[in-house]
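Input: a single structure, listed below in structure tokens.
Below, all heavy atoms of this structure are taken into account, side chains as well, without hydrogens, waters or symmetry copies. Bear in mind the structure is a predicted one, so any value in this text is a computation, not a measurement. In listed order, ligands and their atoms are each counted from 1.
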Amino acid sequence: MHHEACPSCKSHQIEDFFLIKNAPVYSIVTVKSKAEALAVPRKDIGLGICQQCGFIFNRLYDTDTDYFTLGYEDQQGFSETFMKYLTRISNELISKYDLKGKTILEIGCGKGDFINLLNKLAGGIGIGVDPAYEDGRQSNQHLTFYKEYYSEKHGALNPDFICCRHTFEHIFHTYDFLRLIRMSLGQKKPVVFFEIPQINRILDIQAFWDIYYEHCSYFSAGSLGRLFRNAGFDVLDIRLDYSDQYLLIEAVPSDTPAEKTFPIEETVADQKVRIENFKTKINQQLSEWEKRLKQMKESGEKVVVWGGGSKSVGFLTQFSDLSLIDYVVDINPNMEGNYIPGIGSRYVQPEFLKDYQPDTVIIMNGVYQDEITKTMSAMGVNPKVYSL
Ligand SMILES: [Zn+2]
């Protein structure tokens with residue numbers, strides 16, 4: 001599959017700039033054996049940038065990939081750092097948009113943790129829409145779940161506020177998806193809130209571990225703002241949060257979207273300069289890591305990765321030939337005993353390190369470094385630490 005048109009603006013002027021060969025197509029599905037993990041299909045990722053709107057996407061993405069027939073675990077709520085963040089942005093949204101006692105709908109609610117939190121903080125009614133919702137995961141009686149994809153009919157549920165966290169980056173047809181939401185709302189004007197990873201940080205620090213197959217769409221403030229306006233929304237705010245890893249947008253349906261842009265929205269020309277810089281530095285970044293990991297292997301070090309999920313797949317994909325890392329630590333107890341798709345390393349709980357005593361721990365997200373080092377020293381584990 002090779003996509004010719006930009007999914008956000010339909011332009012055919014796309015420039016390829018980064019290729020990852022043989023990336024596992026799944027990163028957070030639950031895989032119960034090493035053999036099954038190694039049998040996960042691998043496909044190439046080819047990032048291209050649209051010269052018209054600056055949107056970055058995987059041009060080789062297979063839109064037939066089905067993530068929902070396999071179970072998956074993507075809950076992050078086991079981390080104190082993460083829960084603090086979620087609670088803070090929830091309270092900010094509730095007070096900014098006066099959401100107490102209102103009806104809030106979440107598109108792509110996963111297991112329902114966020115809509116449950118919002119409902120607990122705001123009261124009112126919570127609605128979750130996601131084909132991957134699992135019945136019985138939430139027991140809050142003020143919540144209703146629709147185990148299906150969002151469609152035009154859901155607009156009739158009359159939400160006062162719509163949120164969509166960490167879903168849009170999994171959707172290839174970006175413009176069509178936003179138009180679907182816009183059409184579903186008709187003349188209604190609920191505020192729509194999206195949160196997604198932002199690509200500019202990935203490009204600026206060559207964070208190759210944040211590029212993986214399950215994410216086909218990579219947004220910057222500029223490309224996201226342009227897309228929302230084109231799809232019929234007035235953009236109320238765009239900002240970064242979570243150490244600049246996340247991009248947050250708030251918008252409201254409009255028949256005549258305002259042209260006004262926010263200072264954070266970079267131009268397409270800015271983005272082309274950023275891409276040139278990435279192309280110069282990424283190979284150096286990759287070869288430095290390869291050299292470092294090879295040295296660890298030669299000196300017989302025990303190396304573990306801390307932080308499962310997609311980042312560890314993105315990171316390990318680049319070095320899977322080294323067969324250096326047997327274990328990946330994750331604090332989500334539901335991951336215990338699973339294997340990393342495509343890679344075959346085994347998920348373990350933090351306590352595992354007490355006996356294993358690794359020489360080196362590579363932390364997949366620096367946001368959690370304090371939390372992780374505290375946990376390790378409390379267990380008498382004091383390895384050398386690298387933090388991405
Ligand atoms: Zn475009």
Side-chain angles (χ1 to χ4, degrees), residues 1-20 43-65 107-108 164 166-183 192 194-204 207 210-235 237-240 246-251 253-254 256-279 282:
M1 212 165 279
H2 191 265
H3 301 279
E4 294 302 326
C6 168
S8 284
C9 78
K10 313 293 178 194
S11 164
H12 280 229
Q13 288 174 273
I14 317 290
E15 192 190 298
D16 297 324
F17 70 92
F18 188 48
L19 177 70
I20 299 174
K43 288 178 184 169
D44 296 346
I45 297 172
L47 293 188
I49 175 168
C50 171
Q51 305 290 292
Q52 196 66 44
C53 77
F55 179 56
I56 291 167
F57 62 104
N58 176 9
R59 294 188 78 184
L60 307 178
Y61 186 71
D62 180 353
T63 47
D64 293 331
T65 312
I107 300 173
C164 183
H166 297 269
T167 296
F168 207 20
E169 67 272 27
H170 299 269
I171 290 170
F172 186 82
H173 297 288
T174 46
Y175 176 82
D176 298 348
F177 181 72
L178 271 193
R179 277 307 289 172
L180 167 72
I181 295 174
R182 177 69 188 85
M183 298 306 283
V192 173
F194 273 45
E195 180 185 303
I196 37 193
Q198 73 119 354
I199 184 69
N200 290 359
R201 174 188 158 275
I202 298 175
L203 296 171
D204 291 346
D210 278 327
I211 301 168
Y212 35 84
Y213 203 85
E214 286 191 11
H215 288 181
C216 48
S217 298
Y218 295 84
F219 297 94
S220 62
S223 68
L224 187 67
R226 288 186 276 278
L227 175 59
F228 264 79
R229 282 186 282 270
N230 284 339
F233 290 89
D234 263 334
V235 177
D237 194 16
I238 307 188
R239 61 184 183 281
L240 300 176
Y246 297 163
L247 180 58
L248 288 67
I249 187 167
E250 289 142 28
S254 166
T256 50
E259 291 294 319
K260 173 183 170 272
T261 58
F262 290 80
I264 193 178
E265 293 181 57
E266 82 296 323
T267 63
V268 177
D270 293 338
Q271 208 59 339
K272 288 183 190 169
V273 172
R274 181 171 269 117
I275 294 289
E276 287 310 311
N277 180 55
F278 175 84
K279 279 159 65 180
I282 182 64

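The residues K279 and D16 are annotated as not salt-bridged, no charged nitrogen and carboxylate oxygen being separated by less than 4.0 angstrom.
Within the protein, the number of N, O or S atoms lying under 2.8 Å from the Zn ion (ligand 1) is 4.
Aromatic rings from H3 and F57 are positioned such that their centres are separated by 6.0 Å or more. The aromatic ring centres of Y61 and Y213 sit less than 6.0 Å apart.
Residues P257 and R229 approach most closely at CG-O, 3.5 Å, considering heavy atoms. Closest approach of R179 to A231, counting heavy atoms only: NH1-O, 2.9 Å.
Within the 4.5 Å cutoff, the side chain of E214 has no heavy atoms near those of the E169 side chain.
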